[in-house]
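Written out below as structure tokens is the structure these notes cover.
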Amino acid sequence: MIDRSRAVTLVLASLAGGFTLTGCAPATPVAPAIDPVAYYPQLVIEPSLYKFLVVDYGNVVVEPRTSMTPLRVLVPVRSQARQQFSVQHRYIWYDDRGREIGDTGWRFAAMEPGLREQFTQNATSQDAVDWVLEIRSAR
């Protein structure tokens with residue numbers, strides 16, 4: 001018969017050996033997940049601003065680039081808040097291969113209750129064919 005301390009030693013040794021063996025097993029390669037979002041929004045608003053801002057998507061104006069002028073975008077945004085608050089916004093520009101090629105930098109806007117602001121910007125590069133407008137609170 002095995003005494004109690006020897007039994008505990010055998011159990012601990014077998015557990016340690018099991019961990020060692022499983023720790024040495026080669027890792028199974030994992031394929032990256034496929035992104036389920038087929039379309040990324042061109043307007044990205046900080047979630048805390050959802051209840052305060054509305055966008056008139058029907059009146060977004062995108063003037064395509066020409067040989068003389070870059071892409072130009074105008075997005076109408078209206079405040080639903082009861083008091084003035086400030087936001088920051090910036091446009092990010094993309095080329096025809098979807099690569100980011102520049103941004104306008106963050107700009108401030110004071111949003112007055114019930115009034116509409118026009119967030120208008122020209123692309124920073126003649127190569128820009130697509131855009132994203134980001135809006136965040138200006139705390």
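Under the side-chain hydrogen bond (donor to acceptor under 3.5 Å, both in side chains) criterion, Arg72 pairs with Asn122, sequence neighbours left out. In terms of the side chain to side chain contact (heavy atoms under 4.5 Å, CB included) criterion, residue partners of Val61 (sequence neighbours excluded) are, by chain and number, Glu63, Leu74.
Between the side chain of Arg65 and the backbone N or O of Gln126 there is at least one donor-acceptor pair closer than 3.5 Å. Looking only at distances, no side-chain donor or acceptor of Glu134 sits under 3.5 Å from a matching main-chain atom of Val44. Counting only distance, with no hydrogens or angles, the side chain of Thr104 and the backbone of Tyr91 share a donor-acceptor pair below 3.5 Å.
Looking at Val55 and Ile45, their side chains come closer than 4.5 Å, going by heavy atoms from C-beta outward. Counting heavy atoms from C-beta outward, Phe85 and Ser137 have side chains that stay 4.5 Å or more apart. For the pair Val73 and Leu133, the minimum side-chain heavy-atom distance is 4.5 Å or more. At a threshold of 4.5 Å between non-hydrogen side-chain atoms, the residues Val62 and Leu71 count as touching.
The minimum heavy-atom distance linking Ala128 with Ala123 is given by the pair CB-CB, 3.5 Å. Across all their heavy atoms, His89 and Ala109 have their closest contact at CD2-CB, 4.1 Å. Nearest heavy-atom pair across Trp93 and Asp103 is CD1-CA, 4.0 Å. For the pair Met111 and Val77, the tightest heavy-atom approach, listed with the atom from each and the gap, is CE-O, 3.8 Å.
Taken together through direct or relayed side-chain contacts under 4.5 Å among Ile, Leu, Val, Met, Phe, Trp and Tyr, Val60 and Ile135 form part of one hydrophobic cluster. The hydrophobic clustering, which links ILVMFWY residues whose side-chain heavy atoms are closer than 4.5 Å, places Tyr50 and Val75 together. Leu49 and Ile92 fall into different hydrophobic clusters, where Ile, Leu, Val, Met, Phe, Trp and Tyr residues are linked whenever their side-chain heavy atoms come under 4.5 Å apart, directly or through other members.
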Would Tyr57 and Leu43 count as a side-chain contact (heavy atoms from CB on, under 4.5 Å) here? Give the steps.
CA-CA 10 Å; Tyr57 287 99; Leu43 186 60; 3.5 Å; yes
Show your working on side-chain contact (heavy atoms from CB on, under 4.5 Å) between Gln80 and Phe52 and close with a plain yes or no.
CA-CA 5 Å; Gln80 295 188 116; Phe52 300 114; 5.6 Å; no
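Rounding to the nearest 0.5 Å gives a distance of 7.5 Å between CG of Asp96 and CG of Asp127. With values rounded to the nearest 0.5 angstrom, Gln121 atom CD is found 12.5 Å from Arg90 atom CZ.
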Do any side-chain atoms of residues 112-119 form donor-acceptor pairs under 3.5 angstrom with protein atoms, and if so which ones, sequence neighbours left out?
unit_1, atom_1, unit_2, atom_2, d
Glu112, OE2, Gln84, NE2, 2.8

